[in-house]
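So you know, we letter chains A, B, ... as the sequences are listed, proteins then strands, and number each from 1. These numbers come from the heavy atoms of this one structure, side chains and all, not from hydrogens, waters or symmetry mates.
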Number of protein chains: 2
Amino acid sequence: MDERQALASFGALSQETRLQIVRMLVVAGPDGMAAGTIAEKLEVSPSNISFHLKELDRAGLVSQQREARSIIYTANFDALGGLVRFLMEDCCAGHPEVCAPAAKAAACCAPGAEKNQ
Amino acid sequence: MDERQALASFGALSQETRLQIVRMLVVAGPDGMAAGTIAEKLEVSPSNISFHLKELDRAGLVSQQREARSIIYTANFDALGGLVRFLMEDCCAGHPEVCAPAAKAAACCAPGAEKNQ
DNA sequence: TCAACATTTCAAGGATTATTGAAATATGGA
DNA sequence: TCCATATTTCAATAATCCTTGAAATGTTGA
């Protein structure tokens, strides 16, 4: 993840509908959701949801795949992980003691973690 | 961190100058940097850096404090940690297996970690 | 008090981004 | 083939955000 990608990702996540789409797709997991289903749940018009999905796609945060008449969108977990890492890498290098709490918060679902924080 | 705050944070980080400011302040650590120093390093005009610092402040990502003639800005590590956590909390609840790699990446400076990834 | 410094505020303009509805594309079934 | 479904594309408008330079604010030392 370079600065360019991070900027695109942050920009994509800075819009309410798009942030809700991403969170919904994260919860949906690898099965993803059809564009129409997303539009219905968020009560947004088809053309508007399409606009935002395209934006998320350009940022690399979602992937798409046609399945019969529907187009299924899934969250790109690698990209989200890369973004988290990007947010933290400078403080790793410079002041680990000061960002350790942030890292701990992020570790809530790391291998071995028992509880959500 | 609620959705409203997350949107403001992502919006704040989605602009090149502001992202660079935050990364610079993270590296600078608790000592922070004066507005003028930031402007100089990033080769941005005083009024422009002021505009972006205000935006970061509104999003809660930086704090400010006057010191003699200068105003010292510091990164708000709690807010950054909160943002990381916000990004991950849904996948903790739903699909931990799928976002574990992201959590692992974020753990690079957690207590006990030896190396930057 | 005055001058220099550090930063912010303000208004104007330019640039980017979001929303809308209508038309286009692609798919599957009768 | 024809129709209904699912989604995207397009053009126009509206809304938001960024940049600029000039003027204002607050601070320090002579």
Side-chain angles (χ1 to χ4, degrees), chain A residues 3-25 28 31-76, chain B residues 3-25 28 31-76:
Chain A
E3 187 184 84
R4 188 170 196 77
Q5 279 180 284
L7 279 170
S9 300
F10 288 131
L13 294 172
S14 71
Q15 202 281 338
E16 187 172 19
T17 301
R18 288 197 296 262
L19 183 55
Q20 290 172 345
I21 292 172
V22 169
R23 299 188 83 194
M24 203 174 233
L25 289 179
D31 289 347
M33 291 174 77
T37 309
I38 299 169
E40 202 178 336
K41 296 249 183 199
L42 298 181
E43 302 183 54
V44 168
S45 75
S47 84
N48 192 252
I49 214 75
S50 183
F51 170 80
H52 289 305
L53 285 168
K54 190 175 162 191
E55 212 64 16
L56 288 170
D57 186 56
R58 288 198 327 131
L61 294 175
V62 304
S63 309
Q64 72 205 82
Q65 167 189 5
R66 181 175 280 277
E67 187 144 328
R69 270 182 271 205
S70 300
I71 295 183
I72 306 294
Y73 283 86
T74 47
N76 184 344
Chain B
E3 186 185 85
R4 188 170 196 79
Q5 279 180 284
L7 278 170
S9 300
F10 287 131
L13 294 172
S14 72
Q15 203 281 335
E16 187 172 19
T17 300
R18 289 198 296 262
L19 183 56
Q20 290 172 345
I21 292 173
V22 170
R23 299 189 82 194
M24 205 173 231
L25 289 179
D31 289 346
M33 291 174 78
T37 310
I38 298 170
E40 203 178 336
K41 297 248 183 202
L42 297 182
E43 301 182 58
V44 168
S45 77
S47 84
N48 191 251
I49 214 78
S50 184
F51 169 82
H52 289 304
L53 285 168
K54 191 175 162 193
E55 211 64 16
L56 288 170
D57 186 56
R58 288 199 326 131
L61 294 175
V62 305
S63 310
Q64 72 204 86
Q65 168 187 5
R66 181 175 281 277
E67 187 145 328
R69 270 183 271 208
S70 299
I71 296 184
I72 307 294
Y73 284 86
T74 46
N76 184 343

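Atom C1' of nucleotide dA6(C) and atom CD of E40(B) are separated by 12 Å, given to the nearest angstrom. To the nearest angstrom, P of dT8(C) lies 10 Å from CD1 of I49(B). Rounded to a whole Å, the CG atom of L53(B) is 16 Å from the P atom of dA6(C). Note: CG (L19(A)) to C1' (dT17(C)) measures 17 Å, nearest angstrom.
Taking 4.0 angstrom as the limit, R69(B) places none of its side-chain polar atoms (N or O) nearer than this to OP1 or OP2 of dA4(C). Note on R66(B): a side-chain N or O is less than 4.0 Å away from OP1 or OP2 of dT27(D). The side chain of Y73(B) contributes an N or O atom lying less than 4.0 Å from OP1 or OP2 of dT8(C). Side-chain nitrogen and oxygen atoms of Q64(A) include none within less than 4.0 Å of the OP1 or OP2 phosphate oxygen of dA6(D).
Projected onto DNA chain C by closest heavy-atom contact, H52(A) and E67(A) fall at different nucleotides, the more 5' of which corresponds to H52(A).
Of the candidates I38(B), D31(B), T74(B), L25(B) forms a side-chain contact (heavy atoms from CB on, under 4.5 Å) with just one, namely I38(B).
Residue S50(A) is in base contact, counting any heavy-atom pair closer than 4.0 Å across all strands shown. If you check every strand for non-hydrogen atoms under 4.0 Å, A39(A) touches nothing. Using a 4.0 Å heavy-atom criterion, one finds that Q15(B) contacts the sugar-phosphate atoms exclusively.
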So which protein N/O to nucleotides 21-25 of chain D N/O distances come out below 3.5 Å?
from, atom 1, to, atom 2, distance (Å)
dG21(D), N7, S47(B), OG, 3.4
dG21(D), O6, S47(B), OG, 3.1

